[in-house]
Amino acid sequence: MTASLQAETTNQVIDQISLTKRTIDQILDRTMELVNQGDSGIAISSLFFRLGKLSAKFSCETFQDWIRDYCTSHPIAEILWQSPITKRCFSKPKGYAGDATLIDYIYLKDENIEYANEIAEILHKSICNSTSCDSVRERAKYFGNLITQISESKNRKISAISIASGHLRELDHVSHFEDKVYHFIGLDQDAESNTEARRSYPFKGLTVLDESIKYVLAGKLEAESYDLVYSAGLFDYLDEKVAARMTKRMFELVVPGGTMVIPNFAKGIIERGYMETFMDWYLIYRDEMELYGFMRELDMSQVASWNIHGDKYGNILYLTVVKKG
Ligand SMILES: C[S@@+](CC[C@H](N)C(=O)[O-])C[C@H]1O[C@@H](n2cnc3c(N)ncnc32)[C@H](O)[C@@H]1O
């Protein structure tokens, strides 16, 4: 590259960065204005939308590289961090994003939340009302209903396992659990969350294991033992290789005629920009082909059927695989 061409390219990059900084200033100044005039709910919707558009334009690396730091140096950041969900995710008391206590905020299990002030409360509730949070609540309902449906279709009690089970809130959606399930395993690396899961669901036949997914990957669970094998809120953090290996191991656990379900956040959710900027919450968003790719280590001769469907909001995709009977 000649020196003049290099200078021209450098100038273009500098121009692009200053233009982006001006756009960010406008977005964040406007958010501050809306909050100050008492419209915190509108402030959040508009911030989600505009940061969402910005994040769609830039790669995750660019966001991490400088956009996030630029945004969080704006005075609005201190206000947003007062909302419990943003604060917990950004500060990561458990060392990772998306712990089960934070997910309980999304499940609206918020009786004991203390808000620093009224703005913090409105911001928190507006965030928890976003469509991605609707999808997380819908996901818990989906798995609760699936447990019921499989038990009804087999006309007997079933066995099931949830990997990275968190607080197992899907069980809120299963009525008369003990009539539908004879053996249920929750497996999660977080012992404190597991204590809460055991406390909330002291059901006969339910065991929660303090184990990481290494336990599953090492093949320590008994094969062909579960009518339903699923993992919600985990694959969004796993790279392609680990996701494919986990899919293989999980499928080994399914009984003949049983079902495995793996959800993953879809690309293009509007909340991504806010999550990455102010919550420091990075997920791996995937499309249908990438979910299909989870199956690449499966012995397809054992697969009776598979499908991928999206939830009604278009935010979460579900891969379902049924084993031959
Ligand atoms: C987003 S939460 C989902 C919890 C629950 N499945 C749900 O849908 O509400 C993610 C869970 O994954 C667990 N987790 C993360 N990495 C894990 C690992 N390597 N092994 C086991 N559990 C893990 C966390 O402890 C957390 O409870």
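Starting from 1, each residue takes its place in the sequence as its number. None of these values were measured; they are calculated from a predicted model. Indexing begins at 1, ligand by ligand and atom by atom, following the structure's order.
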Taking the six-membered ring for Trp, are Phe177 and Tyr201 closer than 6.0 Å centroid to centroid? no
In the protein, what heavy atom is nearest to atom 9 (O) of ligand 1, and what distance, to one decimal place, separates them? Tyr107 OH, 2.7 Å
Is a side-chain donor or acceptor of Asp236 paired with a backbone partner of Phe265 at a separation under 3.5 angstrom? yes
Hey, does Ser162 come in under 3.5 Å of ligand 1, counting only N/O atoms on both sides? no
Between ligand 1 and Ala164, is the shortest N or O to N or O distance under 3.5 Å? yes
Considering Val216, Asp190, Asp188, which one's heavy-atom position lies nearest to atom 26 (C) of ligand 1? Asp188
Subset of ligand 1 atoms that lie under 4.0 Å from at least one heavy atom of Ile103: 1 (C), 2 (S), 9 (O)
Could you tell me, atom by atom, which parts of ligand 1 come under 4.0 Å of a heavy atom of Gly166? 4 (C), 27 (O)
Contact atoms of ligand 1, heavy-atom distance to Glu211 under 4.0 Å: 21 (C)
So, does Tyr96 sit close enough to ligand 1 that a heavy atom of it is under 4.0 Å from the ligand? yes
Can you find a non-hydrogen atom of Asp99 under 4.0 Å from ligand 1? no
Between the side chains of Thr86 and Tyr274, is a donor N or O closer than 3.5 angstrom to an acceptor N or O? yes
In this structure, atom 1 (C) of ligand 1 is nearest to the protein heavy atom Gly98 O, 3.3 Å
Between Leu171 and Phe184, does the side chain to side chain contact (heavy atoms under 4.5 Å, CB included) criterion hold? Intermediate values first, please. CA-CA 11 Å; Leu171 301 188; Phe184 188 102; 4.2 Å; yes
Does Ala232 reach ligand 1 with a nitrogen or oxygen that is under 3.5 Å from one of the ligand's nitrogen or oxygen atoms? yes
Roughly how far, to the nearest 0.5 Å, is SG of Cys133 from CD1 of Ile127? 8.0 Å
Closest to atom 20 (N) of ligand 1 among protein heavy atoms sits Ile213 N, 2.9 Å
In this structure, is the centre-to-centre distance between the rings of His183 and Tyr226 below 6.0 Å? yes
Which protein non-hydrogen atom lies closest to atom 18 (C) of ligand 1, naming both residue and atom, and how far is it? Gln189 OE1, 3.5 Å
Between Arg139 and ligand 1, find which residue part has any heavy-atom pair under 4.0 Å and reply side chain, backbone, both or neither. side chain
Nearest heavy-atom pair of Ile147 and Ile158: which atoms, and what distance? O-CD1, 3.8 Å
Separation between OH (Tyr107) and CG (Leu102), nearest 0.5 Å, reads 11.0 Å
Closest candidate by heavy atom, reference atom 5 (C) of ligand 1, pool Ala197, Ser165, Gly233: Ser165
Would His167 count as a contact residue for ligand 1, given that I'm defining contact as a non-hydrogen atom of the residue lying under 4.0 Å from a ligand atom? no
Is it the case that the ring center of Tyr142 lies less than 6.0 angstrom away from the ring center of His309? yes
Do NZ/NE/NH1/NH2 and the carboxylate oxygens of Glu152 and Lys180 come within less than 4.0 Å? no
